[in-house]
Amino acid sequence: MQPEITLSIEAVAPGDVAALYNLLRASNLPIDGLSAHLTDTLVAKANEQVVGSAALERYGHSALLRSVAVAEPWRGTGLGRQLVESAFDLARRQRVQRLYLLTETAAEWFPRFGFVPVERSAVDPAVRQSVEFASACPDSAQAMLLTFAPTDN
Ligand SMILES: CC(C)(COP(=O)(O)OP(=O)(O)OC[C@H]1O[C@@H](n2cnc3c(N)ncnc32)[C@H](O)[C@@H]1OP(=O)(O)O)[C@@H](O)C(=O)NCCC(=O)NCCS
């Protein structure tokens with residue numbers, strides 16, 4: 001019989017930040033700028049081990065979705081979708097209207113959630129000033145946008 005696995009998605013606790021950073025490094029995602037947004041960072045934990053993450057950087061009614069990562073053994077299990085949907089719930093609770101992201105590796109994945117590609121110049125200037133936009137992500141990264149309908153909020 002397989003041992004039971006307890007999976008949760010919750011706000012990152014101080015004691016999980018090191019494991020979160022290790023997951024992001026292992027996933028080749030930037031860490032720069034994230035420390036200022038840990039209150040809006042979610043982690044997935046399996047039996048108390050960090051196995052996934054998703055974070056929001058809020059700028060008024062706009063936000064940047066970043067640090068979406070799933071540990072290799074957990075990929076393809078639907079955990080990425082659960083993390084993105086949990087981040088959407090967080091964004092809606094915070095009255096976010098426009099959710100942006102930058103990606104080099106998953107531009108084919110995010111459209112399933114409703115994201116569409118946008119030019120960087122069309123991104124809310126407040127979001128463009130984020131560390132991820134300004135320096136952490138290469139210019140080749142694709143910007144994408146999801147607009148929440150007013151009834152979503
Ligand atoms: C992208 C990522 C978060 C997806 O997590 P996941 O738990 O495997 O995703 P899910 O199980 O919810 O979804 C699996 C589906 O997404 C597809 N998929 C996964 N990663 C993909 C990618 N990078 N591009 C396109 N499709 C992808 C799978 O083929 C699968 O498709 P199917 O539903 O048609 O079978 C994970 O692969 C990851 O951590 N990658 C490294 C970090 C990264 O690139 N993050 C995104 C940029 S911010």
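First listed ligand is number 1; within each ligand, the first listed atom is number 1. Heads up: numbering here begins at 1 and tracks the sequence.
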Worked check of side-chain hydrogen bond (donor to acceptor under 3.5 Å, both in side chains) between R98 and S62: CA-CA 5 Å; R98 293 168 299 278; S62 296; 3.1 Å; yes
Closest to atom 6 (P) of ligand 1 among S67, S27, G76, G52 (heavy-atom distance): G76
Sidechain-backbone polar pair: N47 side chain, I5 backbone, donor-acceptor under 3.5 Å: no
Whether F113 and F88 hold their rings parallel, tilted or perpendicular, with breakpoints at 30° and 60°: perpendicular
Which residue and heavy atom of the protein sit nearest atom 39 (O) of ligand 1, plus the separation: V70 N, 2.8 Å
For atom 12 (O) of ligand 1, closest protein heavy-atom neighbour: R81 N, 2.9 Å
Close side-chain approach of L34 to L24, heavy-atom, < 4.5 Å: yes
Under 3.5 Å: donor-acceptor pair, side chain of Y100, backbone of D124: yes
Contact (N/O only, under 3.5 Å) between G80 and ligand 1: yes
Atom 29 (O) of ligand 1 within contact range, any protein heavy atom under 4.0 Å: no
Nearest neighbour of atom 17 (C) of ligand 1 from the list F113, W109, W74, on a heavy-atom basis: W109
Contact (N/O only, under 3.5 Å) between A69 and ligand 1: no
Backbone of P30 reached by a side-chain donor or acceptor of R66 within 3.5 Å: yes
G78 N/O to ligand 1 N/O under 3.5 Å: yes
Steps toward side chain to side chain contact (heavy atoms under 4.5 Å, CB included) verdict (R75, S27): CA-CA 11 Å; R75 290 183 190 168; S27 303; 3.5 Å; yes
Closest approach of any protein heavy atom to atom 23 (N) of ligand 1, naming residue and atom: T105 O, 3.0 Å
Exercise: do E119 and S121 side chains pair donor with acceptor under 3.5 Å: no
Min heavy-atom dist R112 to ligand 1 below 4.0 Å: yes
Atom 4 (C) of ligand 1: any protein heavy atom closer than 4.0 Å: yes
Closest candidate by heavy atom, reference atom 42 (C) of ligand 1, pool L65, V68, T103, T77: V68
Ligand-side contact atoms (ligand 1) for residue partner A106, heavy atom cut-off under 4.0 Å: 23 (N), 46 (C)
Nearest candidate to atom 37 (O) of ligand 1, where distance is taken over non-hydrogen atoms, out of R66, R75, E72: R75
Q82 and I9: CA distance, side-chain angles, deciding distance, side chain to side chain contact (heavy atoms under 4.5 Å, CB included) verdict: CA-CA 8 Å; Q82 287 183 59; I9 295 179; 3.8 Å; yes
Any donor-acceptor N/O pair, T41 side chain to H37 backbone, under 3.5 Å: yes
Check: E108 N/O within less than 3.5 Å of ligand 1 N/O: no
